[in-house]
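The structure appears right after this line, and notes come after that.
None of the values given here were measured: they were computed from a predicted structure.
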Amino acid sequence: MTDPEVVRLNAAQMASPSYRLAALDPDFLLSDPMRGVRFMMEYAKAESALRAWGVRSTIVVFGSARVGEDGEGQHGRWYAEARAFGRLASERGGAMQAADGRPRDNVITTGGGPGIMGAANRGAHDVGAPSIGFNITLPQEQEPNPWSTPELTFRFHYFAMRKMHLAMRANALVVFPGGFGTFDELFELLTLRQTDKSPPIPIILFDEAYWRSVINFDVLIEHGMIAAGDVRLFRYAEDAEGIWRSLLGCGLKPGESIE
């Protein structure tokens with residue numbers, strides 16, 4: 001039996017934060033020296049879940065969180081086509097795992113939020129396919145959309161690690177109209193492709209009129225900011241079937257991963 005006097009004498013030691021097990025000490029885990037460990041943990045947690053689900057490759061869909069199903073102007077069409085693409089890509093791309101346990105390929109993956117992201121996840125959900133949502137903690141808290149697979153719905157603190165997971169399994173990138181966040185993700189992948197830091201994955205921009213109105217690639221060429229050939233890093237499409245045809249035309253193979 002523990003001597004009550006010993007317990008009394010070492011109470012301060014037992015209560016000290018330094019005595020906590022490191023793995024169970026939230027103050028320590030959230031401290032600045034542990035930033036690298038937290039970064040690694042965000043990588044490992046998502047990686048473990050994706051492997052458990054047999055996800056070998058993905059099709060990443062970007063687009064505005066502000067686009068609604070019943071939105072005005074082009075919003076309703078953009079939403080409908082994103083949902084249609086999520087559905088057909090899931091049916092044709094290899095997201096449904098076969099009975100023999102072969103890996104899942106071309107699994108629809110989004111930033112996890114509403115709008116276009118929710119539409120693409122919803123399309124996968126429509127046909128009973130899994131889909132991934134890589135959410136990010138924001139000052140105005142983003143909640144996951146209800147269509148991503150719960151076990152594949154993640155939340156990140158670090159944008160860099162979120163971007164890494166979005167890119168590292170991508171067989172293709174499909175970008176619907178969006179704002180700052182969509183531009184950020186688009187140019188991240190374009191830069192990786194331009195510098196050969198990623199495999200030669202196809203990049204499809206949905207709604208050519210929108211993209212030409214908001215980004216003048218010809219002016220970038222004119223001023224020598226990009227090479228003329230850089231515009232061949234992406235193509236345009238106008239509907240879900242057109243996206244799929246472009247992906248196949250760029251070398252996407254259903255049921256395979258681009259190495």
Side-chain angles (χ1 to χ4, degrees), residues 35-36 38-40 42-44 46-47 50-51 55-64 85 89 93 103 105-112 116-117 120 132-136 154 156-208 210-237 243-254 256-259:
R35 190 183 305 272
R38 294 196 302 275
F39 201 72
M40 182 176 66
E42 288 204 340
Y43 169 79
E47 182 72 9
L50 292 167
R51 289 189 180 189
V55 177
R56 180 168 61 179
S57 64
T58 62
I59 294 177
V60 176
V61 180
F62 293 150
S64 176
F85 176 72
D105 284 304
N106 303 311
V107 177
I108 290 293
T109 300
T110 76
I116 292 296
M117 296 174 282
I132 300 164
F134 288 129
N135 293 263
I136 188 77
F154 306 99
F156 293 86
H157 173 74
Y158 297 107
F159 268 106
M161 184 50 67
R162 181 192 190 220
K163 287 180 176 181
M164 181 173 172
H165 271 296
L166 282 164
M168 64 185 293
R169 283 182 169 83
N171 264 355
L173 171 66
V174 179
V175 190
F176 281 77
F180 287 172
T182 303
F183 285 19
D184 177 46
E185 302 289 0
L186 167 60
F187 281 104
E188 179 91 12
L189 268 295
L190 282 175
T191 301
L192 291 174
R193 283 291 301 110
Q194 183 192 51
T195 57
D196 289 327
K197 289 293 186 179
S198 76
I201 66 170
I203 297 174
I204 310 299
L205 306 186
F206 185 86
D207 194 335
E208 183 174 357
Y210 173 83
W211 288 106
R212 287 194 180 277
S213 70
V214 297
I215 304 174
N216 195 326
F217 291 102
D218 292 334
V219 170
L220 290 173
I221 295 171
E222 180 183 323
H223 287 284
M225 299 297 106
I226 62 174
D230 287 340
V231 295
R232 292 196 291 271
L233 294 173
F234 57 86
R235 296 186 182 184
Y236 297 103
I243 297 170
W244 187 249
R245 287 195 302 272
S246 289
L247 292 178
L248 296 179
C250 290
L252 181 78
K253 293 180 173 58
E256 293 187 16
S257 176
I258 294 178
E259 298 296 337

Supply the atom-to-atom distance [X] [atom1] to [Y] [atom2], rounded to the nearest 0.5 angstrom.
| X | Y | atom1 | atom2 | result |
| --- | --- | --- | --- | --- |
| Leu247 | Ile59 | CG | CD1 | 5.5 Å |
| Leu192 | Leu233 | CG | CG | 11.0 Å |
| Thr58 | Leu173 | OG1 | CG | 9.5 Å |
| Met40 | Arg35 | CE | CZ | 15.0 Å |
| Arg38 | His157 | CZ | NE2 | 7.0 Å |
| Leu186 | Ile203 | CG | CD1 | 7.0 Å |

So which heavy atom on [X] is nearest to which on [Y], and how close?
| X | Y | answer |
| --- | --- | --- |
| Pro202 | Asn171 | CD-O, 3.2 Å |
| Thr182 | Phe176 | CG2-O, 3.6 Å |
| Leu248 | Pro254 | CD2-CD, 4.0 Å |
| Ala170 | Ile201 | O-CG2, 3.3 Å |
| Ala120 | Ile108 | O-CG2, 3.8 Å |
| Arg212 | Tyr236 | NH2-CE1, 3.7 Å |

**Message:** I'd like to know if Glu188 pairs up with Arg193 as an ion pair, taking the criterion as any Lys NZ or Arg NE/NH1/NH2 lying under 4.0 Å from an Asp or Glu carboxylate oxygen.
**Reply:** no
**Asked** With the threshold set at 4.0 Å, does a side-chain nitrogen-carboxylate oxygen contact exist between Asp105 and Lys253?
**Response** no
Donor-acceptor contact below 3.5 Å, side chain [X] vs main chain [Y]:
| X | Y | result |
| --- | --- | --- |
| Tyr210 | Gly178 | yes |
| Arg162 | Phe134 | yes |
| Ser57 | Asn106 | yes |
| Thr109 | Val107 | yes |
| Gln194 | Asp230 | no |

Is the closest side-chain heavy-atom distance between [X] and [Y] below 4.5 Å?
| X | Y | result |
| --- | --- | --- |
| Glu47 | Met168 | yes |
| Phe206 | Pro177 | yes |
| Tyr43 | His165 | yes |
| Ile132 | Val60 | no |
| Met117 | Val61 | no |
| Ile204 | Phe234 | no |
| Thr110 | Phe62 | no |

Going by atom type alone, with no hydrogens or angles, which donor-acceptor pairs under 3.5 Å involve a side-chain atom of residues 214-225 and a protein atom two or more places apart or on another chain?
from	atom 1	to	atom 2	distance (Å)
Asn216	OD1	Asp218	N	3.2
Asn216	OD1	Val219	N	3.1

**Request:** Test Glu185 against Lys163 for side chain to side chain contact (heavy atoms under 4.5 Å, CB included), laying out the working first.
**Result:** CA-CA 8 Å; Glu185 302 289 0; Lys163 287 180 176 181; 3.6 Å; yes
**Asked** Which pairs count as ring pair (Phe, Tyr, Trp, His ring centres under 6.0 Å) when at least one residue sits in residues 179-200, sequence neighbours excluded?
**Response**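 Counting only pairs at least two positions apart or across chains, the ring pair (Phe, Tyr, Trp, His ring centres under 6.0 Å) contacts touching residues 179-200 are Phe183-Trp211.
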**Request:** Give the ring-plane orientation class for Phe156 versus Phe154, where under 30° counts as parallel, over 60° as perpendicular and anything between as tilted.
**Result:** tilted
